[in-house]
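A quick write-up on the structure given underneath.
Counting convention: from 1, in listed order, for ligands and their atoms alike.
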Amino acid sequence: MYNLSLYDVREGLSNKKFSSVELTECFLDRIEQFNDLNAFITVCADRALGSAKKSDQRIAEGKAMELEGIPLAIKDLFLTKGIKTTAGSKMLYNFIPPYESTVTKKLLDAGAVFLGKTNMDEFAMGSANITSYYGNVVNPWSKDKKLVPGGSSGGSASAVAGHLCVAATGSDTGGSIRQPASFCGIVGLKPTYGRCSRYGMVAFASSLDQAGPLTKTVRDAAILLKIISGYDENDSTSSRESVPDFESFVGKSVKGIRVGIPKEYHMAGMSEEIIEFWKKGAELLKEAGAEIVDISLPYSKYALPTYYIIAPAEASSNLSRYDGIKYGFRANGVSLNEVYENTRAEGFGDEVKRRILVGTYVLSAGYYDAYYMRALKIQKLIRQDFSHAFEKVDLLLTPTTPNSAFAFGEEPKDPVTMYLNDVFTVTANIAGLPGISVPIGLDKQERPLGLQLIAPHFKEDLLIQVGSALEKSANFPTLMEIAQ
Ligand code: GLN
């Protein structure tokens with residue numbers, strides 16, 4: 001039962017093929033068995049079994065809610081009341097939140113069971129899950145060499161692909177849901193900025209951060225998205241846009257839908273195989289009745305540098321709250337300033353420090369106009385690019401990443417090359433647009449590859465509709481068995 005989709009699990013539970021307690025026990029066993037994946041920072045076995053029991057009762061009484069008894073994994077960046085939340089950092093190694101994030105509250109209110117909190121790059125900064133204070137996460141597709149799962153939601157992606165949970169939550173500031181989904185052969189959806197409340201999510205770059213689902217199928221993503229979406233008075237940037245029944249768009253015909261292929265996404269140095277899969281994806285959608293249109297997004301080439309100015313700028317400000325006084329890690333010092341300095345020197349890892357340095361630099365008096373203001377101007381131009389494109393097409397098809405998962409030790413050694421992983425995903429965050437990564441196939445090394453769809457604001461329904469068509473024709477072995 002562990003390799004079933006959320007949709008099938010829901011059916012199995014309501015038909016009493018298995019109970020939530022049985023299911024939860026099965027996943028807890030697997031989490032232990034595949035401990036080497038290091039996908040979880042915290043496992044809440046007792047609490048999970050307790051809520052599974054309650055769910056079984058409600059199912060027996062005919063009072064089941066939408067996610068009744070379904071075991072999920074939660075990225076360790078969502079505050080969970082009473083459950084340690086670290087954001088992958090030493091800085092929060094002992095932090096037990098006094099309140100629940102809106103996204104996780106909505107899942108709990110729908111009857112979901114939380115198995116635990118998943119590992120992640122420290123403060124969601126990274127593309128390989130190698131910056132976590134709690135160790136590297138391993139991609140379940142690893143064979144002879146251990147592969148990275150992508151990042152920063154690598155723990156969630158690895159847990160879903162390795163069948164350690166039914167589905168998981170992630171967050172995406174520049175690609176952190178879609179890129180690990182692509183590396184692990186699963187579906188990852190980043191909603192429109194504002195679709196889901198950010199209340200109770202550890203902030204990285206507040207104008208770019210969005211929560212979203214990592215799932216085994218597009219339908220599962222639709223089911224979870226509906227539950228976690230909606231206006232929240234605790235987040236002034238959350239939207240009042242109505243939330244459609246996303247699931248009803250699964251399997252809808254794509255006849256006549258115009259799919260744009262942006263020529264700028266043909267990047268020097270990207271793998272030939274990805275280009276082939278990209279062509280194949282377009283071909284499959286064409287066969288299903290869509291119209292393929294070549295388009296141009298001329299400012300895309302500036303997206304990555306723009307992101308790596310805006311995101312660190314916001315991060316440097318957001319992370320100033322970690323001073324060792326109010327909560328989390330505290331180092332000793334003889335003066336208050338020394339406590340601050342030592343706490344931040346010992347509490348943050350290298351990548352986080354790098355971002356804080358870059359962020360404070362681009363915001364500093366002499367450089368603000370040259371870097372930060374200019375980045376905001378380019379952000380506007382990138383947004384305009386998309387608006388123009390969406391006059392000609394309904395949505396866009398691109399690769400999710402320029403390469404498949406790499407092995408530990410073979411990762412880019414300098415940070416800037418590592419940042420290239422995000423080249424195709426950051427544009428959607430910069431423009432606030434929704435995007436989904438759907439598995440398309442395995443490369444010659446048998447590593448998964450994904451394709452990305454990007455739609456206009458609040459058109460996640462279109463992502464589900466076209467994503468499910470792509471999923472169906474790609475016939476990717478999403479419910480694979482991992483090596484024992
Ligand atoms: N890999 C990107 C970064 O390191 C994106 C991270 C994210 O989306 N949280 O900033």
Using a heavy-atom cut-off of under 4.0 Å, does the side chain or the backbone of Glu351 touch ligand 1, or both, or neither?
-> neither

For the pair Phe476 and Trp141, name the ring-plane relationship: parallel under 30°, tilted 30 to 60°, perpendicular over 60°.
-> tilted

Look only at the side chain of Asp121 and the backbone of Ala124, and say whether a donor-acceptor pair between them is shorter than 3.5 Å.
-> no

Output yes when Glu122 and Lys90 qualify as a salt bridge under the 4.0 Å nitrogen-oxygen rule, no when they do not.
-> no

How far is atom 9 (N) of ligand 1 from its nearest protein heavy atom, and which residue and atom name does that atom have?
-> Ser176 OG, 2.7 Å

In ligand 1, which numbered atoms sit nearer than 4.0 Å to a non-hydrogen atom of Ser152?
-> 9 (N)

Has Gly151 got any heavy atom lying under 4.0 angstrom from an atom of ligand 1?
-> no

Check the pair Glu446, Lys143 against salt bridge (Lys or Arg N to Asp or Glu O under 4.0 Å), reporting the backbone distance first and the verdict last.
-> CA-CA 9 Å; Glu446 294 192 31; Lys143 285 195 173 144; 2.4 Å; yes

Run the numbers for me: atoms of ligand 1, each under 4.0 Å from some heavy atom of Phe204, listed by number.
-> 9 (N), 10 (O)

With Asp172 as partner, the option from Arg178, Lys190, Gln210 fulfilling side chain to side chain donor-acceptor pair (under 3.5 Å) is Arg178

Under 6.0 Å between the ring centres of Phe204 and Phe123?
-> no

Ala315, Ser127, Gly150, Ala124: member with heavy atom nearest to atom 1 (N) of ligand 1 | Ser127

Looking at Tyr99 versus Tyr199, is the centre-to-centre ring distance below 6.0 Å?
-> yes

Do Gly126 and ligand 1 have an N or O pair less than 3.5 Å apart?
-> yes

Can you check whether Met125 has an N/O within less than 3.5 Å of an N/O in ligand 1?
-> no

Between Tyr265 and Phe424, is the gap from one ring center to the other below 6.0 Å?
-> yes

For Gly174, the ligand 1 atoms whose distance to one of its heavy atoms is below 4.0 Å = 5 (C), 7 (C), 8 (O)

Going by heavy atoms, is Gln179 under 4.0 Å from ligand 1?
-> no

With the threshold set at 4.0 Å, does a side-chain nitrogen-carboxylate oxygen contact exist between Lys459 and Asp461?
-> yes

Should you measure from each heavy atom of Asp172, which atoms of ligand 1 turn up under 4.0 Å away?
-> 8 (O)

Polar contact flag for Asp422 and ligand 1 (N/O pairs, less than 3.5 Å) | yes

Which of the listed options, Tyr308, Tyr419, Tyr307, holds the heavy atom that is closest to atom 5 (C) of ligand 1?
-> Tyr307

